[in-house]
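First the proteins, then the strands, lettered A, B, ... as listed; each starts at 1.
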Protein chains: 2
Amino acid sequence: MTSQVTLRHLRYFIATAECGKIQVAAERVYMSPSAVANAIKNLEDILGVKLFERHRTGVHLTYDGHRFLDDARSILRLLNDSIFEFQNKTTHVEGELVLGASVAVIGYFLSVPLSQFERIYPNVKVRLVENARSDLERQLRGGEIDIAFIITSNISISEGLEVHTLFRSERTVWCAEGHRFSSIPKVSLEEIEKERYIMLSLDEAEINITQIWRRYGRKPNVWLKTQSVEAVRSFIAREQGVTILSNLLYRPWSLDGTRIISKPIAETVPTMNLGIVWRRDRVPTPQSHCFIEFMKRTLNENAESPGAV
Amino acid sequence: MTSQVTLRHLRYFIATAECGKIQVAAERVYMSPSAVANAIKNLEDILGVKLFERHRTGVHLTYDGHRFLDDARSILRLLNDSIFEFQNKTTHVEGELVLGASVAVIGYFLSVPLSQFERIYPNVKVRLVENARSDLERQLRGGEIDIAFIITSNISISEGLEVHTLFRSERTVWCAEGHRFSSIPKVSLEEIEKERYIMLSLDEAEINITQIWRRYGRKPNVWLKTQSVEAVRSFIAREQGVTILSNLLYRPWSLDGTRIISKPIAETVPTMNLGIVWRRDRVPTPQSHCFIEFMKRTLNENAESPGAV
DNA sequence: CGGTTTTACGTTCCCCGTAATGATT
DNA sequence: AATCATTACGGGGAACGTAAAACCG
């Protein structure tokens, strides 16, 4: 094999990281499992670090893997945007575009692609409205905002609204580097129940996570409830507890640089689904259309990817 | 050929842009001219824009080419840094590092790689001293700074100092998009003499450029002298004049978004050589060593590349 | 056993180099 | 004629798919 990293490596790596299974990732990139497995092995050899833990149920990112995932995404995003900018003359698209999203979605999802979008379409004036989901739905129907970013699994009534799921993010257990969980391939809710639990009460996180616990007839031992993701990270890094959150919010380090580990959950847990919503009866403006297409493209059209169950 | 952009395309493209000749670029990347020429042709087809103007004497970046060069460099920089970070465990290098540079060098050269360096070596505390060349040399000898970034062709006495040229930047004529120069492949000093000239008096630019004019027994028709590169760009974009400056300072657009064209000069003009300097008798600290190696690596080891004459 | 990753191996096709050709002064 | 870039074409090797093997609960 090659001794140089190629874009092929990055693409297969990202697909595998997002799908959690080499087989599924191979489908997504229209390749055979062996090709993807070989590429990842080769990539690991070049970098000199293990990127995945292999289990019989699939693969799971290591600490280093998560770090490299950030880089790989940045690189491909930069490249794809640049290519797109040249292939399509984008400077003629102009006008106003009002986006709505919740605070967590803005900070952990929207900020990066949004700045990319503004670079590619410099003549589109983007206005960003931060609100709770219910308010966003109301504003959407009222025509105050063009497109809303919402956790699509929770939309109350989709009547008259077009919903397009862009992104599925697996939910995992977070713990400190030295924690006993970090040596187990999969952690069950029963095990998590025994630990101090840190509950994030931001946006819809608390409701959704509580639902998961209830579904399995269990209850987390909540030691702290906070609205700050950074606080969650910080306490977990200091071995003050564990939590369950979507990988969208996950970063492999806390503010002070200590490591945090992400482990899959033994039980089947629904993914967090994020998508865009707009009014069906309203003709989309050119800038709305551009934005929607841009988001699909940015996320590598992985909306139809199965993700975890 | 392929219909996808690869890193190979980017590498060949960057080498060609920096060398100005496909043959020379091919040498630098250890390839045949045909391989490089094909790759660039293919890249242009994919992007749908011409990246180079072809001349008998070599190739020269178009407006779009300059824009894509920025992107291509960012992408490869990101990738190389990421790979390096994993291949070498860098977090253990720590300590203080005092760098010296002039104002133009800091803004147009140092800022980007410096932030990359601080990411890779988070435990190295970098302090930056802005000063004129003569002061930097004095501070270097006095031990107040570890490494200085200096225009190496002008160093007064290199006695006791280790000089390593990192970067050569071709000097070109800048003019507005519609200017008569923009349709000529090469512009002679005689032609430039007929135009209003805008003189940048920042750092050593004025001295160096004046030397070039004197060497050919000519004199520019200076209409404006300013210390601001942005002012230079802005006036040139508005067809108020032309200038000669190194490509290091060149960007294909002015602050208000109008285009600026860069054209090669007919006469042989020395490149602007930038390098790092340190005291020979002083044992380099680990962080100094790391920084020097980092800079060499970042610039693709193109210090020994011939560049223009 | 069932689901997964990994290895083995024959094959394909992309990309390179050599060498001829074209363009420009 | 000299000096570039470009085109034509045959050969080599990286990367693919098929299929079998190893792994693990």
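- Donor-acceptor pairing under 3.5 Å, judged by distance alone, is absent between the side chain of A:Ser34 and the base of C:dT5.
- Contacts of B:Arg77 classified as side chain to side chain contact (heavy atoms under 4.5 Å, CB included), with partners at least two apart in sequence or in another chain: B:Arg73, B:Ser74, B:Asp81, B:Val112, B:Gln116, B:Thr298.
- For the pair B:Tyr12 and C:dC16, the criterion of a side-chain N or O lying under 4.0 Å from OP1 or OP2 is met.
- With hydrogens and angles ignored, the 3.5 Å screen pairs a side-chain donor or acceptor of A:Asn80 with a backbone N or O of A:Leu76.
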(request) At under 4.0 Å between heavy atoms, which parts of nucleotides 20-25 of chain C does protein reach? Answer with one letter per nucleotide, 5' to 3': B base, S sugar-phosphate only, - none. (result) ----BS
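- When the nearest nucleotides of DNA chain D are assigned to A:His9 and B:Gly20 by heavy-atom distance, the more 5′-ward of the two goes with B:Gly20.
- Take B:Lys21 and apply the salt bridge (charged side-chain N to carboxylate O under 4.0 Å, His left out) test, not counting sequence neighbours, and it matches no residue.
- At least one donor-acceptor pair under 3.5 Å links the side chain of B:Tyr250 to the backbone N or O of B:Ile260.
- Residues that satisfy the side-chain hydrogen bond (donor to acceptor under 3.5 Å, both in side chains) test with B:Thr258, not counting sequence neighbours, are B:Ser254, B:Asp256.
- Looking at heavy-atom distances under 4.0 Å, B:Tyr30 makes contact with sugar-phosphate atoms alone, never a base.
- In this view, A:Ser169 and A:Phe167, A:Ser246, A:Asn247, A:Leu248, A:Met272 satisfy the side chain to side chain contact (heavy atoms under 4.5 Å, CB included) rule, not counting sequence neighbours.
- Atom CD in B:Gln23 sits roughly 14 Å away from atom C1' in C:dA19 (whole-Å rounding).
- Judged as a side chain to side chain contact (heavy atoms under 4.5 Å, CB included), and not counting sequence neighbours, the contacts of B:Arg180 are B:Glu191, B:Lys194, B:Glu195.
- Checked against side-chain hydrogen bond (donor to acceptor under 3.5 Å, both in side chains), A:Thr62 has no partners two or more places apart in sequence or in another chain.
- Residue pairs meeting the salt bridge (Lys or Arg N to Asp or Glu O under 4.0 Å) criterion with at least one partner in residues 262-273 of chain B, sequence neighbours excluded, are B:Glu53-B:Lys263.
- Of the candidate nucleotides C:dT7, C:dG17, C:dT6, C:dT6 has the atom lying nearest to any side-chain atom of A:Pro33.
- In this structure, CG of A:Leu51 is placed 15 Å from P of C:dT5, rounded to the nearest angstrom.
- Nucleotides of DNA chain D with any atom under 4.0 Å from a heavy atom of chain B span, from 5' to 3', D:dC4 to D:dT7.
- Residues from residues 37-48 of chain B that place a heavy atom under 4.0 Å from any atom of DNA chain D, listed by number: B:Ala37, B:Asn38, B:Lys41.
- Seen from the ring of A:Tyr12, A:Arg28 does not count as a face-on cation partner, given the 6.0 Å and 45° thresholds.
- Taking the side-chain hydrogen bond (donor to acceptor under 3.5 Å, both in side chains) definition, one finds that A:Arg196 meets it with A:Gln240, sequence neighbours left out.
- If you take CG on B:Leu61 and CZ on B:Phe68, they are separated by 11.5 Å, rounding to the nearest 0.5 Å.
- Using five terminal pairs a side, the axes of the helix from C:dC1-D:dG25 to C:dT25-D:dA1 at its two ends make an angle of 30°, given in steps of 10 degrees.
- The distance between atom CD of B:Glu27 and atom C1' of C:dG17, rounded to the nearest whole Å, is 15 Å.
- Classification of the B:Phe52-B:Phe13 ring pair by plane angle, with boundaries at 30° and 60°, yields tilted.
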